[in-house]
Amino acid sequence: MPKRNSDGMLVNKAKGNLIYRYSIFSNIKFLISNIRKSDRAFMPNLILWCVTSASVELIWSFFNRDIVNLVLGEGEKTSLLLSMAGMIAIILIAKLIWAISSIKVNHRGRRNISRSFWKMLYVKQCDTDCENLENPETKDKFLKAKNASGNFSDFVERLSKALMEGLTIFGWSGILCTLSPWLVLIIIAPTVGYFYAVRYKIKWYSDREDKWTPTDRQLDYVKNISGDFQNAKDVRIYNMDNWFIKTMKTLLDKRLWWYKKQGNMEFKNGFIMLAIVALRDLAAYGFIVYKVIGGQMTPGDFLLYFSSISSLADNFYSILNNIGNIRWMTIQVSWFREFLDIPDKSNRGKGKPLPTDSFDIRFENVSYRYGGAESDTLKNLSFTIKSGEKIAIVGNNGAGKTTLIKLLCGIYRRTGGEIYINDIPIDDYNRDELYTLYAAVFQDIRVIPSTLAENITLSEKHDGEALNYALLHSGIKEKTDSLPDGINTYLVRSVYDNAIDLSGGELQKLALARALYKQKTKKSKILLLDEPTAALDPLAEQNMYLEYAKFTKGKTSVFISHRLASTQFCDRIFFLKNGEITETGTHRELLEKGGEYKEIFEIQSQYYKDEERREHNEQLAKAFL
């Protein structure tokens, strides 16, 4: 019996084939339902387009027969002329309807459908748990879903065409049956081989898609990072162009190998199809030529039957191709739905009410291990952060400081233990509501190609008072005041000609302003700062902490710093080593213990002059006390 893999999908191990949990009918229903939501007029116009197209094709064949008979004097002249006039009128009306529906389908409809499915894809990407996005398998699923989403308007078109071609097949078959039912059989019988050739081609692609998708993902990464303007200086200074070229060549060779395999398969498959078509045409056309030579058919009828053979064959093979493509597209729809259905572990339903006043945060034997890692990054952490307390987390690189912050604010989900807020497990809170508790500044700061104001508020509308507060206390106000357009200055010079790029220190101030704005407008109660002054010089760092003292009074705050001199005025300091808290206490208490904290502090202190350090500490002490 087939078993489910880790993604909940059925796998037939004997054949190595993936049996998708979404049936063809389920996928068709999914597509049509979402297409109707994106453009309600699309389906009616698509049906009109297909019906008029098929009607014109059938009527035109009879018109050609009558005009040949008229020219050669076969049949009654008046009847032929009236019949042709009626057909021309019908064709003109059908063509008009076809043209209008074609515009609505191909211009407005397809654009709306593509936009709708892309929106679904990127909403899921922006909304899913962060841990999902860090998983290579999820990235592969996203790439497959993105490639598939552009074909969904074609899916419905092919489905509609297949239904209409089914109707026209009956029409052409009826015409040919008036000559001989065997003629229909001659045309249809070879399509069995054609059908299996198409089926083999689809199976070949579906069985191998997962083999080249990781290479496509790696190629996308290399193309994106090598073309990123921010990386240009490193590429040139460190001669990384050779690495990029070599890596790109290796990946392209790997991908081209699959294209070569694909080309060989397409050639063999195409040759078989061509041979089938040639044998069919030889038998069918030979039959009616024999009838004409024997005087059993008028020239007009010959033209009608000749075009009927061609049209029936084309429609029959077209419907087989469409059925094959529909089967292939349902696999692509499955990929799309698989990405949308990636489960989130965080609570997305109704949650407990968030604390409105004082609250404590408690870690109880909390551990965390990254996917694929052999050991835990954080190990059995237990501590409590009191409401309004200032906590510093310090330690060497790789100790797990940033991971701890991400667990604290719910971005990561612990793999062991429990986190409580006011004795309520963190999972009992709705994820999105929980995020409103935190205003955070992380190490990897990202900006959007928009104005400074929108980069801080992350909205087109903003609270002027809160924005001025954030600008002032983050230290970036001096920068914005110096710009001709002020807070309306655009960022990302590679996108806008009149934009600017911020320095590392300015980016950190911008990120802090973003956190302060959220704290002011959303009433966030916890401030998380991950290396908030890493890119600042000592003087700018001092000024930053003087401001930090003002806006954190009476508020819970947790920050990571590699400069231990800046942590001494916190209520408590956690020294993290190899994923464990090995020392806890105030700055003075940790110095008295004489452990690793003291050792690192004394090493760092050598880089400051005693007088400068004393003045720096006195100013900070006055601010915090």
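Atoms CD and OH, from Glu465 and Tyr517 in turn, are 11.0 Å apart once rounded to the nearest 0.5 Å. Interatomic distance, Ile88 CD1 to Ile93 CD1, rounded to the nearest 0.5 Å: 12.0 Å. For the atom pair Ile113 CD1 and Ile35 CD1, the distance stands at 4.5 Å (nearest 0.5 Å). Atom CG of Leu528 sits about 5.5 Å away from atom CG of Leu408, to the nearest 0.5 Å.
Using a cut-off of 4.0 Å between Lys/Arg side-chain N and Asp/Glu carboxylate O, Lys406 and Asp530 are scored as not salt-bridged. Using a cutoff of 4.0 Å between basic side-chain nitrogens and carboxylate oxygens, Asp140 and Lys144 are not scored as salt-bridged.
The side chain to side chain contact (heavy atoms under 4.5 Å, CB included) check on Lys37 picks up Ser33, Asn34, with sequence neighbours excluded. Considering only residues two or more places apart in sequence or on other chains, Ala94 meets the side chain to side chain contact (heavy atoms under 4.5 Å, CB included) condition with Thr52, Val56. Listed by chain and residue number, Tyr429, Glu433, Thr436, Leu437 satisfy the side chain to side chain contact (heavy atoms under 4.5 Å, CB included) test with Leu354 (two or more places apart in sequence, or in another chain). Tyr412 pairs by the side-chain hydrogen bond (donor to acceptor under 3.5 Å, both in side chains) definition with Glu134, not counting sequence neighbours. Applying the side chain to side chain contact (heavy atoms under 4.5 Å, CB included) rule to Arg115 yields the partners Arg111, Asn112; only residues at least two apart in sequence or on another chain are considered.
Screening residues 344-356 for side-chain hydrogen bond (donor to acceptor under 3.5 Å, both in side chains) gives Asp127-Arg348, Thr128-Asp344, Asp129-Ser346, Asn132-Asp344, Asp344-Arg348 as the qualifying pairs, with residues at least two apart or on separate chains.
Using a 30° and 60° split on the angle between ring planes, Phe30 and Phe336 fall in the tilted class, from 30° to 60°.
The backbone N or O of Pro449 lies less than 3.5 Å from a partner atom in the side chain of Tyr496, making a donor-acceptor pair. Counting only distance, with no hydrogens or angles, the side chain of Ser23 and the backbone of Ser26 share a donor-acceptor pair below 3.5 Å.
A heavy-atom distance below 4.5 Å is found between the side chains of Leu502 and Leu452.
A cation-pi arrangement, defined by a distance under 6.0 Å to the six-membered ring centre and an angle within 45 degrees of its axis, is present between Arg255 and Tyr259.
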